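I have placed the structure first, in the form of structure tokens, so that the comments after it can refer back to it.
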Protein chains: 2
Amino acid sequence: MSFATVDDVLSGKTAVGEQVTVRGWVRTRRDSKAGISFINVHDGSCFDPVQVVVPNELDNYESEVLRLTTGASVAVTGVVAESAGKGQSFEIQAEKVHVYGFVDDPDTYPMSPKPHSMEYLREFAHLRARTNVTGAVMRVRNCLSQALHRFFHERGYLWVATPIITASDAEGAGELFRVSTLDMMNLPRTEQGDVDFSKDFFGKEAFLTVSGQLNVETYACALSKVYTFGPTFRAENSNTSRHLAEFWMVEPEVAFADLNDIAYLAEDMLKYAINAVLEERADDMAFFQQRIDKGVLDRLNHVVSNKFVHMDYTDAVEILQNCDQQFNYPVSWGTDLQSEHERYLAEVHVGAPVVLKNYPKDIKAFYMRQNDDGKTVAAMDILAPGIGEIIGGSAREERLERLDSRIVEMGLNADDYSWYRDLRRYGTVPHAGFGLGFERLVTYVTGMTNIRDVIPFPRAPKSAEF
Amino acid sequence: MSFATVDDVLSGKTAVGEQVTVRGWVRTRRDSKAGISFINVHDGSCFDPVQVVVPNELDNYESEVLRLTTGASVAVTGVVAESAGKGQSFEIQAEKVHVYGFVDDPDTYPMSPKPHSMEYLREFAHLRARTNVTGAVMRVRNCLSQALHRFFHERGYLWVATPIITASDAEGAGELFRVSTLDMMNLPRTEQGDVDFSKDFFGKEAFLTVSGQLNVETYACALSKVYTFGPTFRAENSNTSRHLAEFWMVEPEVAFADLNDIAYLAEDMLKYAINAVLEERADDMAFFQQRIDKGVLDRLNHVVSNKFVHMDYTDAVEILQNCDQQFNYPVSWGTDLQSEHERYLAEVHVGAPVVLKNYPKDIKAFYMRQNDDGKTVAAMDILAPGIGEIIGGSAREERLERLDSRIVEMGLNADDYSWYRDLRRYGTVPHAGFGLGFERLVTYVTGMTNIRDVIPFPRAPKSAEF
């Protein structure tokens with residue numbers, strides 16, 4: 001007897017006639033009039049459960065097997081056989097069924113086999129991984145994360161753990177979560193009556209990071225090719241299907257690279273990760289195609305087999321102004337594009353992912369490299385059909401005097417950026433990078449519509465359960 | 001002309017006679033009387049810099065090359081040649097030296113070539129990756145993290161992102177960082193005068209996680225083999241060389257596994273990761289061996305080539321009580337072992353990593369599986385020579401009534417654990433897991449003595465700069 005996963009059996013890794021033990025949870029049970037029960041057992045190793053055929057001769061057939069309900073846990077020992085039924089190639093003919101645990105009151109089991117809404121499943125985040133849909137999402141999510149690490153590792157990039165807690169609000173992007181150990185019922189005060197953060201754990205006010213970019217630039221300016229893959233935070237009070245308060249970001253940063261270099265890096269990275277899913281998770285993708293998003297496989301195949309189209313922001317504005325489409329928001333040079341504009345460009349005008357480049361400097365961050373026209377910066381967004389912006393990046397301003405002039409222009413305090421400015425004082429190099437919201441990628445690849453369903457325990461306003 | 005990394009050149013991936021461009025930073029410059037300069041250039045791709053031989057015929061030899069100092073950034077185009085000097089096999093005979101950036105006032109450049117203490121380097125966390133030692137640490141750190149992801153992926157484990165922010169203080173381990181967006185100068189109050197956390201971002205008091213274990217158990221009880229790899233937090237006011245307020249943990253959790261299964265999993269994992277470093281980072285390890293810890297290679301080779309020794313806590317107490325060694329702390333059954341005891345066992349008594357098992361239940365957490373003796377739980381620590389405890393794990397109590405009795409015994413509130421108890425109510429399965437402090441592993445493998453030097457931006461009391 002040897003242990004096997006459901007995937008081992010269904011994919012033919014175990015031989016017909018071999019005795020194996022499979023351990024997992026019951027998805028369904030069906031009893032035939034002939035005194036045989038058919039139990040579908042899943043263990044997370046692949047999308048499909050394996051069918052276990054249980055004859056009524058087993059000692060515990062009446063006492064236990066006939067009491068098995070969805071969610072019960074079992075170890076089944078039996079012989080692998082070719083399946084006579086449709087759909088699957090192999091099944092297990094049980095010689096022994098060991099029950100680890102039944103389900104307390106099957107009538108109230110939250111993951112009962114009837115259909116559940118995604119909203120309902122979210123309330124049971126500790127159990128929803130047992131469902132088809134969440135199991136499939138998490139296998140695809142894992143596949144994407146492994147592929148991203150592999151992609152960068154194969155190309156000589158070093159993973160750098162940028163800090164989660166930071167006292168440096170250097171980027172000033174979005175609202176911040178404060179991290180503190182002060183006793184809120186008894187706050188220390190300065191003589192001026194302010195909260196005395198010098199008494200706090202870190203000796204000053206500290207926050208959760210919104211991006212590892214500025215930190216990881218310090219590593220790119222020493223080790224050349226680096227990337228982050230870690231959690232980031234936004235305390236925005238937005239309850240949408242596209243936002244999380246806590247989400248994972250992938251941020252490569254590349255010394256000696258320019259805007260085009262990182263646009264091609266992003267394209268290669270996305271294609272590599274999507275190809276990994278198409279090759280390794282065909283079972284889960286078939287489910288998404290059938291039940292979640294009928295266009296998902298076409299979309300992914302289209303992305304991996306076509307070149308991304310590069311386009312200047314200025315040209316895009318002209319296209320949008322001269323097209324036949326009616327938009328809710330007018331388009332004019334100097335304003336940020338809205339989602340409807342981005343989708344028109346990617347879905348209608350080009351019909352493929354678009355790399356939109358060289359945005360007006362006034363709508364972009366202080367650290368982006370200024371172009372010679374005096375009006376634009378070397379920034380890019382990648383817009384994907386069906387989702388809109390999925391990646392944002394830029395060349396970084398490596399010229400100290402130019403960086404300083406932007407810091408002044410934007411009313412920032414140069415002292416707050418002394419360590420960032422040091423990178424430009426000591427052997428500065430051109431460099432560039434981008435950020436990928438990992439959960440955005442998972443929604444894009446699976447076709448799931450709400451970002452809260454592609455992360456195990458979503459955090460959002462009023463929601464930090466478990 | 002094609003771009004090459006320093007590693008490409010030194011490892012012979014580029015051909016002798018090939019023209020390449022290498023981009024990086026100057027480590028040292030030496031000028032010969034014959035009118036030739038020797039510049040060592042590093043780019044983070046490997047430990048050693050490449051020697052660039054610059055003849056004085058170059059146009060910018062006087063104006064720029066002779067002004068190059070440590071830290072300046074250059075692109076060198078030239079021909080790969082066999083090196084006549086000792087040490088390295090290949091060098092570059094420069095035809096062009098482009099300077100990206102000089103160093104502002106080389107006399108005050110914080111990373112000047114003179115020796116610096118580790119304490120000094122910590123103050124310049126944004127520049128220290130340019131030094132030999134921090135560069136080597138970060139390459140080894142990356143190698144370990146890639147190896148760990150690979151190890152689990154090859155074995156069918158899914159990476160699960162457990163939440164960083166949690167309103168569930170379920171484990172109660174250690175002191176917590178509060179996460180809040182409340183205006184501290186104007187705190188909302190309840191009628192009773194307490195802080196009204198229902199007005200906070202998450203609608204209740206929320207904290208940074210101390211461990212993903214309880215969360216990831218919910219995924220193990222659905223997908224069978226899972227692991228976390230993410231940041232965790234301890235608000236302990238301990239300024240030691242072994243503690244960080246923010247550190248990364250690896251926590252596999254395995255359904256249907258018992259204590260021995262995960263002890264062997266941990267052994268395989270450590271050997272796999274260490275072997276990856278020995279194979280892939282021989283250059284950096286040679287540096288650690290020579291400059292940081294003369295015993296490090298012996299220690300690592302010994303770990304990978306010997307079986308870990310399993311020992312019961314009860315037997316260990318007897319050994320410690322009957323040995324000739326004098327300890328500062330007495331040993332008696334029922335008390336936690338001190339570092340001196342752990343090191344004696346691993347270093348003197350066994351001389352190899354020790355898996356210490358079955359600890360008294362009163363010194364262990366509520367979720368650990370109770371043994372039949374009524375006194376001990378199925379917990380294990382792995383003690384490594386030279387560092388002490390590196391891994392801690394246990395079988396989890398999967399029997400609801402036993403779990404509940406421990407919750408009561410320890411004065412915990414069962415309501416706080418309702419979702420954790422659900423795993424035992426609905427198809428419970430035996431399962432087990434462990435936690436590895438990732439930075440502990442990096443110190444162990446490199447021989448570095450302070451944990452703050454193996455993470456890019458260390459967080460500790462009074463320290464969250466950058």
Side-chain angles (χ1 to χ4, degrees), chain A residues 23 25 43-45 71-73 100-101 103-104 109 126 129-130 138 142 145-146 149 153 156 158-161 163-168 177-181 184 195 201-203 206 215 218-219 222-224 231 235 246 248 256 419 422 425-429 455-457 459 461-462 464 466, chain B residues 23 25 43-45 71-73 100-101 103-104 109 126 129-130 138 142 145-146 149 153 156 158-161 163-168 177-181 184 195 201-203 206 215 218-219 222-224 231 235 246 248 256 419 422 425-429 455-457 459 461-462 464 466:
Chain A
R23 300 168 295 186
W25 292 265
D43 67 357
S45 62
S73 48
Y100 292 112
V103 166
D104 256 22
Y109 179 48
H126 63 306
R130 301 176 177 202
M138 295 306 160
N142 172 69
S145 80
Q146 301 288 351
H149 281 298
H153 187 52
L158 304 176
W159 172 69
V160 172
I164 311 302
I165 300 170
T166 176
S168 156
F177 289 106
R178 183 187 299 106
V179 175
S180 171
T181 57
M184 287 176 102
V195 176
F201 188 90
F202 294 109
N215 294 94
T218 69
Y219 270 64
L223 304 172
S224 300
E246 171 183 314
W248 288 67
F256 315 107
W419 57 271
D422 275 358
R425 295 175 59 207
Y426 302 131
T428 191
V429 295
I455 190 167
F457 297 92
R459 270 68 183 104
K462 305 292 171 205
F466 308 103
Chain B
R23 300 168 295 187
W25 292 265
D43 67 358
S45 61
S73 47
Y100 291 111
V103 165
D104 257 21
Y109 178 48
H126 63 306
R130 301 174 177 204
M138 294 306 160
N142 172 69
S145 78
Q146 302 287 352
H149 281 299
H153 187 51
L158 303 176
W159 172 70
V160 172
I164 310 301
I165 300 170
T166 176
S168 156
F177 289 106
R178 183 188 297 107
V179 175
S180 171
T181 57
M184 287 177 103
V195 176
F201 188 91
F202 294 109
N215 294 94
T218 70
Y219 269 64
L223 304 172
S224 299
E246 171 183 315
W248 288 67
F256 315 107
W419 58 271
D422 275 357
R425 295 175 60 206
Y426 302 131
T428 192
V429 295
I455 189 168
F457 297 93
R459 270 67 182 105
K462 304 294 173 205
F466 308 103

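The sequence lines fix the lettering, A, B, ..., with proteins before strands; numbering per chain opens at 1. Model, not experiment: these values are computed from the prediction. Quick note: numbers below take in every heavy atom, side chains included, and nothing from hydrogens, waters or symmetry partners.
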For chain B, find which of [options] contributes the most heavy-atom pairs closer than 4.5 angstrom.
options	value
A:I165, A:V179, A:T181	A:I165
A:G101, A:A464, A:G203	A:A464
A:V103, A:T218, A:V195, A:D104	A:D104
A:S224, A:S145, A:P163	A:P163
A:G156, A:G44, A:A72	A:G44

Check: [Y] and [X] side chains under 4.5 Å, non-hydrogen atoms:
X	Y	value
B:F256	A:Y100	yes
B:H126	A:D422	yes
A:M184	B:R178	yes
A:Y426	B:R130	yes
B:Y219	A:P456	yes

B:S73 side chain to A:G427 backbone, donor-acceptor under 3.5 Å: yes
[X] versus chain B, heavy atoms under 4.5 Å apart: side chain, backbone, both or neither?
X	answer
A:W159	both
A:P231	side chain
A:T428	both

Parallel, tilted or perpendicular: ring planes of B:W419 versus A:F457, cut at 30 and 60 degrees: tilted
B:F202 and A:F177 aromatic ring geometry - parallel, tilted or perpendicular at 30°/60° bounds: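 Ring orientation, 0 to 90° scale: parallel.
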Pair B:F466-A:T166, side chain to side chain contact (heavy atoms under 4.5 Å, CB included): steps then yes or no: CA-CA 7 Å; B:F466 308 103; A:T166 176; 5.9 Å; no
Atom pair OH/CZ of A:Y109 and B:R425 - distance to nearest 0.5 Å: 11.0 Å
Approximate separation, where rounding is to 0.5 Å, of A:I164 CD1 and B:E246 CD: 5.0 Å
With sequence neighbours excluded, residues passing side-chain hydrogen bond (donor to acceptor under 3.5 Å, both in side chains) with B:S45: B:D43
side-chain hydrogen bond (donor to acceptor under 3.5 Å, both in side chains) partners for A:R459, two or more places apart: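 None.
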Portion of B:A161 that has a non-hydrogen atom of chain A nearer than 4.5 angstrom: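 Backbone plus side chain of B:A161, per the 4.5 Å heavy-atom cut-off to chain A.
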Atom group of B:S180 that falls short of 4.5 Å from chain A, counting heavy atoms: both
From CA spacing to verdict: side chain to side chain contact (heavy atoms under 4.5 Å, CB included), A:M138, B:V160: CA-CA 8 Å; A:M138 295 306 160; B:V160 172; over 6 Å; no
Stepwise side chain to side chain contact (heavy atoms under 4.5 Å, CB included) check, A:V429 with B:W25: CA-CA 9 Å; A:V429 295; B:W25 292 265; 3.7 Å; yes
Where A:H149 and B:H149 come nearest, the two heavy atoms and their spacing: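 That would be NE2-NE2, 3.4 Å.
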